[in-house]
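Accompanying notes for the structure given below.
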Amino acid sequence: MSTTLSKPAASDSVTRYTIQAIDQMKSMDSGRDPDLLRAILKPKCEITLEVPLRRDDGKFVSFQGYRVQHNDARGPYKGGLRFHPAVDIHEARILAHLMSLKTAVVNIPFGGSKGGIAVDPKQLTLRELERLTRTFTSMLGDNIGPLVDIPAPDVNTNAQIMAWIVDEYAKKHGHSYGVVTGKPLELGGSLGRDEATGRGVMIAVREAAAEKKMNLKGARVLFQGFGNVSSFGARLIEQELGAKVVGVSSSQGAIYNKNGFDLSGAEAYYRKNKGLKGFAGVEWMTNDELLVQECDVLIPGALENAITMSNAGKIKASIVVEAANDCTEAEADAVLKERGIFVIPDILANAGGVVVSYFEWVQNFSSHYWEIARVRSELERTMVAAYNQVSSTAKERQLSMRMGAYTVAIERIVRAMALRGM
Ligand code: GLU
């Protein structure tokens, strides 16, 4: 079975960062309940399903499906569903944990969850994909719902898949758009959801550059990736910040030119050829080579564990903005810190998507739909408030931005748990 995204096994840096943040919080404030702090390391519920599928040719197959519900002290569980052969319970557990931290750091009233099916959707026909999605939804039953757990698109899932979930869920529970976010506009989706993660990344780059007094006009920005997040992010960084994108990549390889290239030309080429190889006026290289090229800002926006001990010492950027989840291994993070590289962690940098998911959910409840200008201005306000909160916590306690973000998030979750009497 071919994979759509090569992905090394998760190293569980997320748990290690959480333990590091908890240890630091315990040393600062002896009054905090250490058992409650540690309780957030464990997910509250894990669901494993064997999802059957009758293929178009009549053959019967089945795939493993997962949903890990990590923490719901601050609100219903929230997080994406991915369809990828490498999906497993371990990965879902790590990413659900990350979602609890992400929703807390941007202060939206959700907990964290994650899941998916261990399948390569490119090996299925559209009808098979629909049947598999519907069976998975029906097997999840009451474990998802607008006030229970709200899935969203993630790797290899999209608005069409969310539409099938809405329809299948409605058969047993009645009409309810709020069961998932990232829906098509015709079925209760929100304007601006598609660009939201990329726009949030652009805001994080802008705020980080201002803090580090980096002039972004003409600054060189390198993206790993060129999917939804990176393509919107790259475009907005050029248009709104005046910086120059010098590199992007797909799973087959990367393009780089230290003076930049025609970004919209590269996008059109990528869409037409399903890859970047052969695009004119750039060097062609591997994803690993791309990460260590000359640039001012590096944005890993594709793979988990992109920054490892093999490249952390060679990265040239002075700012790293993590657009992909779980993209820096804990040991490599320590190297970046030692080298004085300013890292904006994933739970802050890529939270724009789930923030607009929250706006979509709010719009579904009120059945009143916002104009794009309102979505953008509320996203701007939410991201800047979160950035400022993380930055001031990091400065006050002399922490990295990652530890600042983890501290803000864990404190919010633990306060909610304590108030509930858990
Ligand atoms: N899958 C996205 C993430 O990892 C969005 C999740 C959501 O909108 O619920 O943040």
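What's counted below: heavy atoms across the whole structure, side chains too, no hydrogens, waters or symmetry copies. One-based numbering, in listed order, for ligands and for the atoms of each.
- Between Y177 and H175, the two ring planes are perpendicular [angle over 60°; tilted spans 30° to 60°].
- K314 meets the side chain to side chain contact (heavy atoms under 4.5 Å, CB included) test with V292; sequence neighbours excluded.
- The aromatic rings of F136 and F83 sit perpendicular, their planes meeting at an angle over 60°, well past the 30° parallel limit.
- Close approach of ligand 1 to M99 (heavy-atom distance below 4.0 Å) involves ligand atoms 3 (C), 4 (O), 6 (C), 10 (O).
- For the 3.5 Å distance criterion, the side chains of D333 and T328 fail to qualify, holding no donor opposite an acceptor.
- Taking atom 8 (O) of ligand 1 as the reference point, the nearest protein heavy-atom neighbour is S357 OG, 2.6 Å.
- Y17 and D12 form no side-chain donor-acceptor contact under 3.5 Å, judged by distance and modelled atom types alone.
- Taking each of K78, R193, K102, K114 in turn, the one with a heavy atom nearest to atom 5 (C) of ligand 1 proves to be R193.
- Ligand 1 is approached by P153 to a heavy-atom distance shorter than 4.0 Å.
- Atoms of ligand 1 found under 4.0 Å from any heavy atom of N325, numbered from 1 in the order shown, are 4 (O).
- Backbone and side-chain nitrogen or oxygen atoms of N350 are examined, and none is located within less than 3.5 angstrom of a nitrogen or oxygen of ligand 1.
- Protein heavy atom nearest atom 7 (C) of ligand 1, with residue, atom name and distance: A152 CB, 3.4 Å.
- Those atoms of ligand 1 that come under 4.0 Å of a heavy atom in D154, given as number and element, are 1 (N), 2 (C), 4 (O).
- Closest approach of R193 to S357, counting heavy atoms only: NE-OG, 3.0 Å.
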